[in-house]
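A short write-up of the structure that comes next.
Only a predicted model underlies this, so the values are computations on that prediction, with no experimental measurement involved. Chain A is the first sequence line, chain B the second, and so forth, proteins listed ahead of strands; every chain is numbered from 1.
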There are 2 protein chains.
Amino acid sequence: MVRTRTWILSNRPKEIPTYSGPDPTFTLIERDLQPLQQGQILVKVLFFSNDPAQRTWIKSSDDLPSDRHYVKPVDLNTPMQSRGLCEVIESRSDALPKGTTILARVDWNEYVVLDAKDATALSPLPNGLSFSHYLGVFGTTGLTAYYGIVVVGEAKASHRLVVSGAAGATGSMVVQIAKRIIGVGEVIGIAGSDDKCKFVVETLGADKCLNYRSPSFFDDLTKATEGCVDIYFDNVGGTILDAMLGRLKQNGVVVACGSISGYNSDHGTLLTNYFQVISMRLQIRGFIAADYVHKAQKVTEIFIRALEQGKLTINDELEHVVPTTFEDVPKTWLKLFDGSNTGKLVTKIIP
Amino acid sequence: MVRTRTWILSNRPKEIPTYSGPDPTFTLIERDLQPLQQGQILVKVLFFSNDPAQRTWIKSSDDLPSDRHYVKPVDLNTPMQSRGLCEVIESRSDALPKGTTILARVDWNEYVVLDAKDATALSPLPNGLSFSHYLGVFGTTGLTAYYGIVVVGEAKASHRLVVSGAAGATGSMVVQIAKRIIGVGEVIGIAGSDDKCKFVVETLGADKCLNYRSPSFFDDLTKATEGCVDIYFDNVGGTILDAMLGRLKQNGVVVACGSISGYNSDHGTLLTNYFQVISMRLQIRGFIAADYVHKAQKVTEIFIRALEQGKLTINDELEHVVPTTFEDVPKTWLKLFDGSNTGKLVTKIIP
């Protein structure tokens with residue numbers, strides 16, 4: 001029997017999740033794992049993916065009924081979950097022998113027992129890139145950005161595009177794909193600090209980037225989008241989405257990817273410009289990358305070709321890898337919500 | 001020179017418009033019309049159309065900037081406007097001789113001078129239907145309903161559809177077109193009284209209709225939409241739109257036609273279920289019928305054929321014609337917003 005520490009969901013948070021104090025969202029326990037059965041593997045977690053969507057998996061069913069999630073939510077008093085990059089340390093599956101590096105949805109454990117069919121074996125990435133990029137660019141994040149721009153937004157060279165969360169995991173790929181692969185005419189980022197904006201323009205190639213924490217942000221946005229834009233790739237929802245409804249051209253499209261501004265509250269999204277959806281014939285198009293996963297291999301090939309041609313910057317700057325003891329797994333995850341993160345936030349477990 | 005009474009927009013209303021008391025929205029004045037020039041006509045107004053969208057034409061530019069309307073808004077201290085059905089009483093246009101019945105956007109006047117090119121001559125309707133139906137079924141209202149269901153919503157026989165404002169001008173056509181022309185599998189109306197619901201089911205042919213003023217409405221809606229629906233044809237916005245985001249199937253569509261619940265306020269639209277746009281891959285598709293006006297003739301022919309085949313009920317029950325003195329034009333218009341109206345609200349000017 002293998003013993004593991006586990007962060008369980010002990011309470012559903014109303015606002016910012018906690019991992020200590022009264023009624024903590026997450027509680028650290030220890031437990032024994034079941035012995036491996038035929039077709040199963042025992043893995044050790046090397047990296048956890050940190051994704052804003054995880055916050056929606058732990059909402060109360062009053063906020064989001066269990067059948068309205070796009071993946072199974074986390075039940076109370078069961079382990080919190082994440083995508084994880086893991087090493088197989090014991091195997092009863094011929095497909096995934098000991099030593100294989102795999103990607104799977106896993107519990108917030110040190111060690112996890114998985115059915116081999118629920119895990120994907122990973123090959124090394126080109127240019128000596130860390131395996132951890134499978135949690136970002138070469139995983140759901142890159143796929144989300146590509147699918148959102150190309151299929152959902154139908155972006156073209158003649159378009160002007162605004163993307164929020166432009167320094168974040170998805171946004172940083174949106175900027176690059178739009179500008180450097182699709183050749184979108186103008187790409188305007190929105191991010192949470194001047195440093196992030198510098199990164200979005202200088203490293204990622206956006207034409208402009210606006211700091212939404214600036215007191216003049218809404219005026220800046222109006223000026224930067226004079227004449228209005230065709231596409232808004234929305235990672236944040238809330239007041240920025242509302243403002244953008246007023247800055248889209250007739251027949252403009254909101255690519256609705258995320259609404260992180262609302263994940264830590266149950267106050268809802270107030271749209272003072274909602275009528276412009278009608279008057280300007282806008283479309284708000286929700287999507288999730290899981291619907292596009294059959295194209296993942298093709299998209300990865302596009303990224304690798306772009307990388308070879310020098311069109312994509314895929315380096316460690318696109319990742320924010322935080323070495324973390326297992327006790328601090330929730331602490332690192334919470335960096336998603338405090339504005340301190342640039343690029344894909346990855347938890348590297350300190351052995 | 002012809003003298004006319006005119007209702008002008010004297011103040012932009014924050015909430016329910018007024019036509020007396022302090023700072024009235026509308027003020028009655030008298031003025032002289034300019035003499036006719038070549039190519040112009042002088043018309044006498046017989047009927048005014050009353051449309052919720054008119055409320056958005058008089059919003060302050062803080063609420064809706066002038067370039068974000070779909071028709072030119074009404075300037076302060078100029079006549080309020082409406083679509084009007086009129087008789088030509090003097091003509092300097094060969095195309096529209098005296099005695100012609102025309103449709104045009106007109107001022108809230110007794111008499112109006114128009115460029116002939118801005119007016120459409122009308123032929124009598126079949127079955128002895130009143131000309132006034134050109135303001136409803138055989139005008140923008142019917143076109144809006146048809147375009148919204150067929151083109152925007154892509155409704156199919158296999159679908160389940162909910163429509164709000166189901167007893168109103170557009171909604172009453174949506175129910176009939178969906179059920180009797182397209183053959184949508186299930187059509188559920190939402191209306192503001194038990195009497196209206198009876199009309200929606202018994203006269204228009206909806207499968208069910210829910211009274212949104214009932215204290216159990218939201219529970220009723222959940223029950224009536226068990227298993228969820230494919231299309232929500234939204235005429236009202238607000239809390240019903242919010243609830244419907246929780247009742248659409250994956251890939252469901254909101255046909256965003258109107259948001260009357262927000263027209264008399266500037267509080268905005270609060271969507272507590274906005275995240276479900278993403279998690280359920282919903283699309284909110286704004287549209288206006290003006291984009292489809294090149295198909296108006298074809299749609300009218302479809303309606304006339306359906307009428308001949310007994311598939312459409314187009315009778316005076318679909319109109320709510322209110323004989324009105326010119327002094328009461330705003331009073332009749334306000335019936336749009338007090339829940340007392342069924343079908344297309346038409347003002348018939350008492351000579």
Side-chain angles (χ1 to χ4, degrees), chain A residues 53 55-57 59 62-65 67-71 73 152 222 227-228 234-235 237-239 241-242 245-248 250-263 265-288 290-291, chain B residues 53 55-57 59 62-65 67-71 73 152 222 227-228 234-235 237-238 241-242 245-263 265-288 290-291:
Chain A
R55 177 62 180 82
T56 71
W57 305 351
K59 285 213 164 215
D62 289 344
D63 292 343
L64 190 59
D67 60 344
R68 310 293 287 177
H69 289 257
Y70 59 88
V71 294
V152 181
T222 301
C228 295
D234 185 23
N235 289 309
T239 54
L241 167 60
D242 193 23
L245 294 181
R247 304 308 304 161
L248 282 161
Q250 189 172 312
N251 300 309
V253 171
V254 175
V255 178
C257 178
S259 61
I260 190 170
S261 69
Y263 293 172
S265 86
D266 51 9
H267 302 312
T269 297
L270 180 66
L271 300 178
T272 62
N273 288 326
Y274 178 75
F275 180 70
Q276 296 191 40
V277 171
I278 300 167
S279 67
M280 300 302 286
R281 303 81 146 162
L282 309 181
Q283 296 209 353
I284 303 178
R285 300 177 181 166
F287 78 103
I288 68 160
D291 296 339
Chain B
R55 177 63 181 83
T56 71
W57 305 351
K59 285 212 163 215
D62 290 344
D63 291 344
L64 190 60
D67 60 344
R68 311 294 286 177
H69 288 258
Y70 58 88
V71 294
V152 182
T222 301
C228 296
D234 185 24
N235 289 308
L241 168 60
D242 192 23
L245 294 181
R247 305 307 306 161
L248 282 161
K249 291 181 190 169
Q250 189 172 312
N251 300 309
V253 172
V254 175
V255 178
C257 178
S259 61
I260 191 171
S261 68
Y263 292 172
S265 86
D266 53 7
H267 302 312
T269 297
L270 180 65
L271 300 178
T272 62
N273 288 327
Y274 178 75
F275 181 69
Q276 296 190 40
V277 171
I278 300 167
S279 67
M280 301 303 286
R281 299 83 145 165
L282 309 180
Q283 296 209 353
I284 302 178
R285 300 179 181 165
F287 77 103
I288 69 161
D291 296 339

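Judged as a side chain to side chain contact (heavy atoms under 4.5 Å, CB included), and not counting sequence neighbours, the contacts of Asn235(A) are Val163(A), Ser164(A), Thr170(A), Phe233(A), Cys257(A). Listed by chain and residue number, nothing satisfies the side chain to side chain donor-acceptor pair (under 3.5 Å) test with Asn251(B) (two or more places apart in sequence, or in another chain).
Taking Ala290(B), Gly258(B), Gly246(B) one by one and counting their heavy-atom pairs under 4.5 Å with chain A, the maximum is reached by Gly246(B). Interface remark: of the candidates Val253(B), Asn273(B), Leu248(B), Leu248(B) forms the most heavy-atom pairs closer than 4.5 Å to chain A. When each of Thr269(A), Leu64(A), Val152(A) is checked for heavy-atom pairs under 4.5 Å with chain B, Thr269(A) comes out on top. Between chain B and the residues Thr272(A), Val71(A), Val277(A), Leu271(A), the most heavy-atom pairs under 4.5 angstrom are made by Leu271(A).
Interface remark: Asp67(A) contributes backbone atoms only to the contact with chain B (heavy atom separation under 4.5 Å). Interface remark: Asp63(B) contributes backbone atoms only to the contact with chain A (heavy atom separation under 4.5 Å). Contacts between Ile260(B) and chain A at a heavy-atom distance below 4.5 Å are absent for every atom of the residue.
One distance of note links OH of Tyr274(B) with CG of Leu241(A); it measures 4.5 Å at 0.5 Å rounding. The CG atom of Asp234(B) sits 6.5 Å away from the CD1 atom of Ile278(A) when rounded to the nearest 0.5 Å.
Side-chain atoms of Arg281(A) do not come within 3.5 Å of backbone N or O of Tyr70(B) as any donor-acceptor pair. For the pair Arg68(A) (side chain) and Phe275(B) (backbone), a donor-acceptor distance under 3.5 Å is absent.
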